[in-house]
Amino acid sequence: MDLRFTPEERAFRQEVRTFFQENLPQEIRQKMIDGRHPSKDDIVTWQKILNKKGWAVPNWPVEWGGTGWDPVRQYIFLDELQSFPAPSPLQFGVYMVGPVIAQFGNEAQKKHFLPRIANIDDWWCQGFSEPGSGSDLASLKTKAVREGDTYVVNGQKTWTTLGQYADWIFCLVRTDATVKKQEGISFLLIDMKTPGITVRPIQTIDGGHEVNEVFFDDVKVPVENLVGQENKGWDYAKFLLGNERTNIARVGVSKQRIRRLKELAAIERVGDTPILENPRFREKLAALEIELKALEMTQLRVVAAERTREKGKPDPASSILKIKGSEIQQATTELLLEVVGPYALPYAAEDEGDDHLSNEPPVGPDWAGPAAPTYFNWRKISIYGGSNEIQKNIIAKAILGL
Amino acid sequence: MDFDLSEEQRLLKDSVERLLADRYDFEARKRHGREPEGFAKAMWESYAEQGLLAVPFSEEDGGIGGGPVETMIVMEAFGGALALEPYLATVVLAGGVLRHAASPAQRAEWLPGLIAGETRYAFAQSERQARYDLNDVGVTARRDGDAWVLEGEKSLVLHGDSADRLIVSARTGGSRRDRDGIGLFLVEANAEGVSRRGYPTQDGLRAAEVSLSSVRVGADAVIGDPAGALPVIERVTDEAIAALCAEAVGAMDRMHRLTVEYLKTRKQFGVTIGSFQVLQHRAAEMFIALEQARSMAFLATMMAGEDDAEERARAIAGAKVQIGRSGRIVGQGAVQLHGGVGVTMEYSVGHYFKRVTMIDQLFGDADHHLGRVARMGGLIAA
Ligand SMILES: Cc1cc2nc3c(=O)[nH]c(=O)nc-3n(C[C@H](O)[C@H](O)[C@H](O)COP(=O)(O)OP(=O)(O)OC[C@H]3O[C@@H](n4cnc5c(N)ncnc54)[C@H](O)[C@@H]3O)c2cc1C
Ligand SMILES: Cc1cc2nc3c(=O)[nH]c(=O)nc-3n(C[C@H](O)[C@H](O)[C@H](O)COP(=O)(O)OP(=O)(O)OC[C@H]3O[C@@H](n4cnc5c(N)ncnc54)[C@H](O)[C@@H]3O)c2cc1C
């Protein structure tokens, strides 16, 4: 047992950090530090930079552009990316549909889509959830009926993150309603420009526009856009969700948020004393740091176990990472609210793209603006990706055998 | 980055677990606790035979040259069995002092008996007024020619009543809370002027109040620098906390297993109570708390050997906070999910709860160490 990183692993971390320092545009980094959303262009710009370096899709099979890093290096890369902080490559492509196509897609699909995903030539979104099917995803109703060389898709998806920018959507659709619900689902790739698709924005409680409803009205999808076999889509979806586990705790994000909290708490004062020197605040922060340190160690245990684990088979211990990771991320937003105090109040609409830039100066310190929106917005973290209640069900069943 | 045990470590783990599985079930523990010393002398002999008492000592000293990982393995197994023997007092605490501060001649004289299980030690450090402050030492050691004369009261000396020898911290200079001017002295428990009042602790272990009245010891009883022992005391305490973290994990793990088993067998309303989601979620929360504690016990183990005292203290304090907090979640949950049987002496789960609770109270509780982590600027590098 040696819980230290090896000299090679430490050198790798330094190499990654140096690359980020030299290549991430400063204004994008600053947005991330401030807690504002990177724009579509920011994400595209950065992912293309990563792709040029060969680092856009480190988790993929080497023949399709993966780096072949072992799980520890994969972890270090993400940890550095998140704590730098730099935008993540677009997760719907890189962590979701890409690995599914690489594993289950046919050669034509791999050749066409994978390089375009890596270079973010296509913007992908995820069409799983429906109004009637959230946690109980397998109950989904959007149906695809085969007519000759096409599937005709009718139904509705919802909560489609950043679907407003999407060129493509990967969907779970019902292709057989007569069998057990998990056994009649297929995995389809759909071009968002196909006639019959309508996207309607949903505003989240922070005022932002990151999710959408997507309606399908007699949408014709060529059968060559089916991934794998018809009615096997549930297996691919489970594989997709199982792949998320190295990223799910977002330890690097919380590390960065805590560093930021310390910076701001050193500036904001109560009377003459920086909040950082208030013993009550420091103890709350220290308690959170301890939780995070424990989570980081738990994460490393899962990563280390990954080396001997069957690929694509989810580790139920990753449910711990999801629960604790979300709680800690959410707690950082609560502490930031406490730091900014009254200047959490003013509301400023977030810019969408770069064309609606507000001319009004912010009220209060400019770093205070995102505090409340982030607090509101980050409530989502314990809801999506398998809500924390669902994660507890998984622990109870898969680990405890209850 | 590697959490696997080596071949030797796995053997150690198997052998200590087998020994305890054979001879330390809950009924056996009750019997062991009724022996005059409050623990099983026969078990102590078996630990010696299996080399468990030799674990942390170097091979030159007759030990097996184990480190914090080996100590963790032993302590975790002891936690699972709720072992009563003075391993922490003799091997981890007193043994730690001897490892870090005793001269080669002293080690050659004292360690063979300790390792053979013939001489048991206790660490007489804490005092009534000191609470958790290691530098708060009021017992005095006055030089008298070549000898030293010790005077004062030590409190809550773990297994102090049955120990053959005490390692006593005493002030050789400065005022009561100074960091300098503390020395460590080896005192025979039956020396003239030593009186001890032993008593059981809440968790079924033993401790003693020790009073020292003009106790004379020779120059050869001084361990290390007679005015500069605090760093040794801090280091040994950090090692003891790491060991206790492992013990607590062993106890929490067992308590959690017992609870899950109970959920699968206990029936009410015509079904096993484990079918109720509210209990499933509570068990899941206990599991998360357990695993977070295990992670921090690993961190404490890794950092127990760290020479940078500040880095070591920061990590170990963090681990102790996590252990204390997880201990409450797992312990209270285990009792609650057992219903009435959880609050009885007849059933084991309450005893695990009590031990884990007392571990929190030892060497600084979660609140104490949270304050320290906060004052040291946290655990996440700026
Ligand atoms: C900001 C945001 C972005 C999202 N992005 C996407 C996306 O891009 N693509 C996509 O497909 N989906 C996306 N989702 C959807 C997300 O996956 C769902 O919100 C999630 O699966 C929960 O479903 P629901 O919202 O319908 O809640 P419900 O499933 O209706 O749950 C309501 C409450 O009941 C609890 N609950 C449900 N079932 C159980 C149970 N068996 N036991 C105990 N408690 C239970 C839940 O935990 C929750 O608290 C996004 C969601 C959000 C909030
Ligand atoms: C100190 C003490 C004094 C007592 N004095 C008396 C007395 O004088 N006279 C007397 O008659 N009784 C007495 N009792 C018994 C007491 O009423 C029972 O302990 C209580 O009803 C719980 O039953 P149980 O212990 O069998 O636990 P169980 O019913 O077996 O419950 C075990 C666990 O399962 C949970 N659980 C059970 N059913 C459900 C459900 N449907 N949904 C979710 N969770 C569930 C419980 O909350 C508990 O956590 C006493 C108990 C104690 C501890």
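Letters go in sequence order (proteins before strands), and every chain restarts at 1.
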Who among His281(B), Gln280(B), Met302(B) has the most heavy-atom pairs with chain A under 4.5 Å? His281(B)
Strictly below 4.0 Å, N to O, side chains only: are Lys181(A) and Asp136(A) in salt-bridge contact? yes
For chain B, the option from Val72(A), Thr6(A), Leu295(A) that forms the most heavy-atom pairs under 4.5 Å: Leu295(A)
How close do Lys255(A) and Glu296(A) get, counting heavy atoms only, and between which atoms? NZ-OE2, 2.9 Å
Most heavy-atom pairs under 4.5 Å with chain B, out of Ile290(A), Ile399(A), Leu292(A), belong to Ile290(A)
Please answer whether the main-chain N or O of Ser387(A) pairs with a side-chain N or O of Lys322(A) as donor and acceptor at a distance below 3.5 Å. no
So, Arg260(A) and Glu263(A), do they make that salt bridge, N to O below 4.0 Å? yes
Does a sphere of radius 6.0 Å around CZ in Arg372(B) hold more than 12 heavy atoms from other residues, nucleotides or ligands, not counting ones at 6.0 Å or beyond? yes
Options Ala317(B), Gly377(B), Ala293(B), ranked by heavy-atom pairs under 4.5 Å with chain A, top entry: Gly377(B)
Region of Glu277(A) that comes under 4.5 Å of a non-hydrogen atom in chain B: neither
Heavy-atom cut-off 4.5 Å, strictly under: side chain, backbone, both or neither for Leu285(A) against chain B? neither
Using non-hydrogen atoms only, which part of Asp2(B) is less than 4.5 Å away from chain A: side chain, backbone, both, or neither? both
Measure Val321(B) against the heavy atoms of chain A and call it side chain, backbone, both or neither at under 4.5 Å. side chain
So what's closer than 4.5 Å to chain B heavy atoms on Ala304(A): side chain, backbone, both or neither? side chain
Closest heavy-atom contact between Thr301(B) and Pro68(B)? O-CB, 3.3 Å
Part of Lys293(A) lying under 4.5 Å from any heavy atom of chain B: both
Is Lys284(A) in contact with chain B via its backbone, its side chain, both, or neither, using a 4.5 Å heavy-atom distance? neither
For Arg282(B) and Gln336(B): C-alpha separation, side-chain torsions, deciding distance, then whether side-chain hydrogen bond (donor to acceptor under 3.5 Å, both in side chains) applies. CA-CA 10 Å; Arg282(B) 182 107 182 230; Gln336(B) 177 66 22; 5.2 Å; no
Honestly, the part of Leu276(A) sitting under 4.5 Å from a heavy atom of chain B is neither
Chain B interface, residue from Ile258(A), Ile323(A), Ile320(A) that has the most non-hydrogen pairs under 4.5 Å: Ile320(A)
Please determine if Lys262(A) and Glu289(A) form a salt bridge, counting it only when a charged side-chain N lies under 4.0 Å from a carboxylate O. yes
Chain B contact via Leu288(A) - which portion, at a heavy-atom distance below 4.5 Å: neither
Chain A heavy atoms under 4.5 Å from Arg325(B): which part of the residue, side chain, backbone, both or neither? side chain
Quick test of your reading of the model: are Asp79(A) and Arg13(A) salt-bridged, counting only N-O distances below 4.0 Å? yes
Under a 4.5 Å heavy-atom cutoff, which of Arg375(B), Gln277(B), Glu291(B), Met376(B) has the most pairs with chain A? Glu291(B)
Any chance CZ of Arg131(B) has more than 12 other-residue heavy atoms, nucleotides or ligands included, within less than 6.0 Å? no
So which part of Glu291(A) gets closer than 4.5 Å to some heavy atom of chain B, the side chain, the backbone, both or neither? both
Between Phe298(B) and Arg301(A), is there a cation-pi geometry (under 6.0 Å to ring centre, at most 45° from the normal)? no
So for Glu283(A), is it side chain, backbone, both, or neither that comes closer than 4.5 Å to the heavy atoms of chain B? both
Please report the shortest heavy-atom distance between Pro56(B) and Thr71(B), naming the atom on each side. CB-OG1, 4.3 Å
Measure distances from Met72(B) to the heavy atoms of chain A and classify the residue's part below 4.5 Å as side chain, backbone, both or neither. side chain
Choice from Asp4(B), Val260(B), Leu370(B) maximising heavy atom contacts with chain A below 4.5 Å: Leu370(B)
I need the residue from Ala286(A), Ala294(A), Ser319(A) with the largest number of non-hydrogen atom pairs under 4.5 Å to chain B. Ala294(A)
Taking atom CZ as the centre, does Arg10(B) end up with more than 12 heavy-atom neighbours from other residues, nucleotides or ligands that are less than 6.0 angstrom away? yes
